[in-house]
Visitor: 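Next up is a structure, given as structure tokens.
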Amino acid sequence: MKNRTLLTLISFFFLFSCSKKEVKKDFIEDLISKMTLQEKAGQLNLIPTTGFNKTDSVHLWIKKGLVGHVQKSIGVKNNYELQKIAVENSRLGIPLLFQEDIIHGYKTIAPVPLAEASSWDLAAIRKSAAIAAREASSAGIHLTFAPMVDIARDPRWGRILEGAGEDVYLGSLIAAARVKGFQESNKENSNILATVKHFVGYGASLAGRDYNILDFSERELRETHLPPFKAAIDAGVSSVMTAYSAYDGVPLVANNFLLKDVLRDELKFKGLVMTDWETVGNLVKTGIAKNDTIATKMSLLAGNDIDMSTKKYVNLLPEMVRKGIISEAVLDNSVRNVLLLKQKAGLFKDPYAYFNEEREAKELLSEENIQATKEMAVKSMVLLKNKNNVLPLLKKKQRIAIIGPFAKAQKDLLGWWSSQGNPNDVVSIFAGIKKRVPQTSTISYAQGCIVEDFEIKGVEMIADAVRAANNADVIVLALGEKEWMSGEGGGTASLLLPGAQQQLLDAVAKTGKPIITLIVSGRPYVLTDVVKKSTAVLQVWMPGTTGGTAVAEILFGDYNPSGKLTVTFPFHQGQVPIYYNYKKTSHSFNAGPKNNRYTTTHRDITSDPLFPFGFGLSYNSYSYKNLKLDKTTMNKNDSIKVSVDVTNKGKYNGREIVQLYIHDKVCSVTRPVKELKDFLSLELKPNETKTATFYITSDKLRFIGLDYKTTIEEGAFEVFVGKNSSDTSKLDFWLE
Ligand code: BGC
């Protein structure tokens, strides 16, 4: 391949007669001036290789210059072949940009993004994105459709697993970390362009049904949904994908207010905008456009440069320009954005830079990638209960029964967006424990029931599981959901574990043996009964390729769990949506149902969640003492120093995530009862005390004012510091 590459490179450079070292901007203008209308529309066309009946027609389309970008084409060999056609056989030889959903890994699959967020470790999250970029770029991919930064507060929505959780502040920091991880690299050709999605508000889909309607105010838009996009843009994200949803009645793909006034003018986004899958056509389906021509016009005019998968731009735009339905200048503008993106990807310097089979073979599933992914996985698991310190399992000699439909699962540990992740490469929970367990202990296994859909299946298998439990000293019970049950299109009405898992839990619990329950899921389940019947509960999420190894390291105490939830775990399904930073209402929320009729609490259940935002245990306990402010009044140019002493009261080294929340007591608009505004991680040895120090600066007190602009108001505030959003100490301060 190397010699051929060299030849094509020479001809390519000859064609454009531009220097290898420097590609000037007028190169792009020059190129645009040479393009036919058809070739221009072709550059706006992103197609999956699956979008054709015969494989040779992809080739034909590329030859004719009708394709600008390819999706769902896997591996160097395939992508090289298509690139060669574009470069050597199309009239202008414009290289293709290969795009793909690299959400949490390409071949080495990291924990799902919601799990990674639970690490609160921005450096680790960034590194994880960088590993995904290294692998994807080695496999011939230039751009990923990630990060998804939609704030989600309804665990019924399957895509909750793809984001960072419910919090705007943390979500924004993670958005920036992931963009930088994908895009920045100190090794040549090892990064990919990032796409922040779905602009904007898609996470608010009603009832957790995917692609559903949603409705929120401009205030909610600006307070909750826009900030992570701003953070991604400020971090230099290359492209933006528009959402399927509508805002204030206007689908995002045709929403001039959001795509122009907000995205371009306010957020100053300079890069490329692309539609989501088939969204141009959706304008007709939703009755916004009466035909495809109008849909295409609306989408292009609103600023969507690339049309994903519908071929409407490429099929319709040339004629529309000829007929004067759309001006060529508008088309040129989008073509320019595309070519600039290709330039940013280095395609005009070397269209084959990402196609090196040797590198691909070396990079995918490399030892270094596996190791880093495992480190991410242990940090992302959240210990929810640990009665009598049943964990870690320290006894050298014990009988362990590993039970449950997810004990030997491999595919389900990868999650819905697992790109080229191969289930056979995944270390199952059973395999991880088997490898790590002391030789003097024994393990047994029983599947317990079958989870293949939502039906109750395999109840007859429970007897075997009970037998295994009775013959064991401790039970590891792996429960959860199938990988297809969450992710895109994975909305569920129920948040109770599917199938016969409840029956299995009930039967195993009756043995009276200690149960360590592991939850494999991409969303919070209602674990109220699971927690009641288990001695310990570890939320392992969908932990990726090294999942089983990571679980074993935690169970046997090689790693002391430190993850904390970035999404509230409901006590009851009827509480959903439930999140920590709700706004103050006139009537009390947590007065308790029995005490007072006139509250905003449900009459039949507690107002508390099962586990609040920020919650997570460790094998240690940590005490927080001496919360202090260096002063209680500040002005806008000033800051207040907040400090608290945190002591490790346990026997193990540990990492504690210390959280700071603020509440604006009097404000012209209703404010959340608490908002995360800072956090830090302390590494603490047994008996060690460290002081966590934060600074309250005026940017932490800003909010969206009555005029929808960011503002700040003098007055009284409260600062809370603690282990999670519920367990905090509070002090008052004043902004003058
Ligand atoms: C999803 C996007 C994804 C795209 C391409 C769509 O259905 O909403 O998030 O990037 O498909 O696979």
Side-chain angles (χ1 to χ4, degrees), residues 44-51 67-74 97-106 112-114 129 132-133 136 141-152 157-164 175 178-179 182 192-205 208-214 225 228-229 232 237-247 251-253 271-283 285-286 299 304-313 341 414-421 483-484 486-491 522:
L44 312 189
N45 184 25
L46 163 62
I47 45 148
T49 48
T50 48
V67 178
H69 321 261
V70 176
Q71 180 183 358
K72 299 194 195 292
S73 176
I74 300 307
L97 190 94
F98 289 89
Q99 314 197 358
E100 202 50 56
D101 286 290
I102 311 298
I103 310 295
H104 52 108
Y106 175 77
V112 294
L114 183 60
I141 289 163
H142 301 117
L143 177 145
T144 175
F145 305 129
M148 182 193 102
V149 303
D150 299 323
I151 298 292
W157 193 52
R159 298 196 84 166
I160 196 167
L161 72 77
E162 218 180 316
R178 300 195 73 215
V179 167
F182 286 129
I192 53 179
L193 305 170
T195 304
V196 66
K197 69 187 187 185
H198 306 84
F199 191 77
V200 52
Y202 177 38
S205 285
R209 284 161 44 207
D210 215 350
Y211 324 117
N212 197 13
I213 49 165
L214 49 90
H225 300 287
F229 285 92
V237 76
S238 301
S239 71
V240 168
M241 186 189 291
T242 47
Y244 286 127
S245 48
Y247 171 72
L252 253 301
V253 71
L272 174 131
V273 177
M274 66 172 79
T275 72
D276 200 346
W277 187 269
E278 293 187 351
T279 25
V280 181
N282 290 349
L283 287 172
K285 285 193 194 155
T286 48
S299 168
N304 294 278
D305 302 311
I306 289 184
D307 164 22
M308 187 196 288
S309 78
T310 72
K311 301 185 193 143
K312 293 196 195 314
Y313 276 21
L341 190 78
L414 291 179
W416 175 248
W417 288 110
S418 54
S419 192
Q420 298 309 300
E483 104 331 309
W484 59 266
S486 44
E488 185 174 353

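Treat the numbers as computed from the prediction; the structure is a model and nothing was measured. Any value given below was found using the heavy atoms of this structure, including those in side chains, with hydrogens, waters and symmetry copies removed. Numbering starts at 1 and runs along the sequence shown. Remember, it's 1-based here, ligands and their atoms both numbered in the order they're listed.
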Visitor: Distance to 0.1 Å, residue and atom name: give those for the protein heavy atom nearest to atom 4 (C) of ligand 1.
Guide: Asp276 OD1, 3.4 Å
Visitor: Quiz question: by atom type and distance under 3.5 Å, do the side chains of Ser299 and Tyr313 form a donor-acceptor pair?
Guide: yes
Visitor: With a 4.5 Å limit on heavy-atom distance, are the side chains of Tyr244 and Pro251 in contact?
Guide: no
Visitor: When you measure from atom 12 (O) of ligand 1 to every protein heavy atom, which one gives the shortest distance, and what is it?
Guide: Asp101 OD2, 2.4 Å
Visitor: For Glu278 and ligand 1, answer yes if some heavy atom of the residue is under 4.0 Å from a ligand atom, otherwise no.
Guide: no
Visitor: Would you mind listing which atoms of ligand 1 come within a distance below 4.0 Å of any non-hydrogen atom of Gln71?
Guide: 5 (C), 12 (O)
Visitor: Answer with side chain, backbone, both or neither: which part of Arg159 has a heavy atom less than 4.0 angstrom from an atom of ligand 1?
Guide: side chain
Visitor: Heavy atoms, side chains only, cut-off 4.5 Å: are Asp150 and His198 in contact?
Guide: yes
Visitor: Can you name the residues that form a side-chain hydrogen bond (donor to acceptor under 3.5 Å, both in side chains) with Ser486, not counting sequence neighbours?
Guide: Glu481
Visitor: Below 4.0 angstrom, N of the basic side chain to O of the carboxylate: do Lys197 and Asp101 qualify?
Guide: yes
Visitor: Taking only distance into account, with no hydrogens and no angle test, what donor-acceptor pairs under 3.5 Å do side-chain atoms of residues 271-282 form with protein atoms, sequence neighbours excluded?
Guide:
| unit_1 | atom_1 | unit_2 | atom_2 | d |
| --- | --- | --- | --- | --- |
| Thr275 | OG1 | Met308 | N | 3.0 |
| Thr279 | OG1 | Asp276 | N | 2.9 |
| Thr279 | OG1 | Asp276 | O | 2.6 |

Visitor: Distance under 4.0 Å to a non-hydrogen atom of Lys197: what atoms of ligand 1 satisfy this?
Guide: 2 (C), 3 (C), 9 (O), 10 (O)
Visitor: Pick whichever of Trp277, Trp417, Tyr211, Tyr244 has a heavy atom sitting closest to atom 7 (O) of ligand 1.
Guide: Tyr244
